[in-house]
Amino acid sequence: MNNNDFAKMHNPNRPLTLLNVWNRDSAKALQHEKIKVVASSSYGSAADKNKEDGQQVSLNENVGIFSSLTGDTFRSLDFEAGYSDNSNSLQSNIKYLIRNKISGINLEDKLPGENELQAIEKFTEKINLINHTDIEKSMFVNIRTDSFFSGDLMIKNQNKELLKETIDRINQYEKHAIDGIFIPGLKNKEFISTIARNISVPLNIMLGIQSDKLEEYLSIGISRISFGPSTFLEFNHTNFTVEDYFKQKIDQISYLENNKLINLAGG
């Protein structure tokens, strides 16, 4: 599956729905269920190794999550903040991802350990460098903005000024050839619809696999739904093998797939 095929899966009428993985075994188990898009969770990967999230697991280890995959499975990496503090290392990292068949990335606009988002001008320089390095446009660049993902999430999900600021920020990012926008922490359905109407790229949100009802987030403008670390967290409270865990999860939501309400990227 190439970048164009993956981009076409982002459909607000039938959102791409991703069960995130955290290590090689979980990635292989998901592919065994004939899922053609495998997306990692940096939190899940770190927790699996008893480490903190925030680039504490090496880029090489996180890329290694996909090493057991075969064929043309689309590999989407949680790239965090780019694992770099300068343009040369970021460029080297992008070339490394391309060599290792990483097909998509999520890139955060907040640095590890920081409370504030990066300045728009500074962050878009990073986007420009990625686009310049990926000359053949082989990777889907999904930009994660953390405006709703710190502090009191309930209060933020009622903050109309923050909503406006987020739309303005995304509109600035859109000028730099991004492919999608990811807003973890955003749960207010009215806000979601407002953002979707005011941006030109596909909207990706994150749900909790136990705490949220997937059905409630359909047909409101979302083109991609991720479950982030909640798959890892739920799995670790079961007695299932990872193969049985993903089989059960897919079975539970297969009626939505069968009715063409979501797209699990099955083969």
Is it the case that the side chains of [Y] and [X] hold a donor-acceptor pair, with the cut-off being a distance below 3.5 Å and no angle test?
| X | Y | result |
| --- | --- | --- |
| E174 | N171 | yes |
| K28 | Q31 | no |
| D53 | S42 | yes |
| S45 | D48 | no |
| K156 | S150 | yes |
| S41 | N20 | no |
| S67 | R24 | yes |

Output side-chain donor-acceptor pairs under 3.5 Å for residues 258-267, partner residues at least two apart or in another chain, one line each.
residue: N258; atom: ND2; partner: S254; partner atom: O; Å: 3.2
residue: N259; atom: ND2; partner: Y255; partner atom: O; Å: 2.7
residue: N263; atom: OD1; partner: A265; partner atom: N; Å: 2.8

Can [X] and [Y] be counted as an ion pair, charged N to O under 4.0 angstrom?
| X | Y | value |
| --- | --- | --- |
| D134 | K95 | no |
| E257 | R14 | yes |
| K189 | E216 | yes |

Please check if the distance between the ring centroids of F240 and F246 is under 6.0 Å. no
Give a yes or no on whether the ring-centroid distance for W22 and F66 is below 6.0 angstrom. no
Side-chain heavy atoms nearer than 4.5 Å, only ILVMFWY residues, links allowed to pass through others: does that put [X] and [Y] together?
| X | Y | result |
| --- | --- | --- |
| V242 | Y43 | yes |
| Y96 | I127 | yes |
| I205 | L117 | no |
| L69 | V37 | no |
| L207 | L19 | yes |

Not counting sequence neighbours, which residues clear side chain to side chain donor-acceptor pair (under 3.5 Å) with [X]? List them please.
| X | result |
| --- | --- |
| S147 | T166 |
| N106 | N142 |
| D212 | K187 |

Taking [Y]'s backbone N and O only, do any of them form a donor-acceptor pair with [X]'s side chain (distance below 3.5 Å, no angle check)?
| X | Y | result |
| --- | --- | --- |
| Q55 | Y83 | yes |
| D109 | Q118 | no |
| S230 | I209 | yes |
| S103 | M139 | no |
| N62 | F79 | no |

As a quick check of understanding, evaluate side-chain contact (heavy atoms from CB on, under 4.5 Å) for F227 and T17, giving each step before the final call. CA-CA 8 Å; F227 286 105; T17 302; 3.7 Å; yes
Salt bridge (Lys or Arg N to Asp or Glu O under 4.0 Å) between D251 and K249, intermediate numbers included: CA-CA 5 Å; D251 287 347; K249 286 290 106 180; over 6 Å; no
If you count the non-hydrogen atoms of other residues, nucleotides and ligands that lie under 6.0 Å from [atom1] in [X], is the total more than 12?
| X | atom1 | answer |
| --- | --- | --- |
| N115 | CG | no |
| K137 | NZ | yes |
| E52 | CD | no |
| K164 | NZ | no |

Quick one: ring-ring contact (aromatic ring centres under 6.0 Å, His included) partners of F182, sequence neighbours excluded? none
Could you tell me which residues satisfy ring-ring contact (aromatic ring centres under 6.0 Å, His included) with F6, sequence neighbours excluded, listed by chain and number? H10, F74, F140
NE2-CG distance between H132 and N128, expressed to the nearest 0.5 angstrom: 10.5 Å
CZ (F149) and CD (E108) are apart, to the nearest 0.5 Å, by 9.0 Å
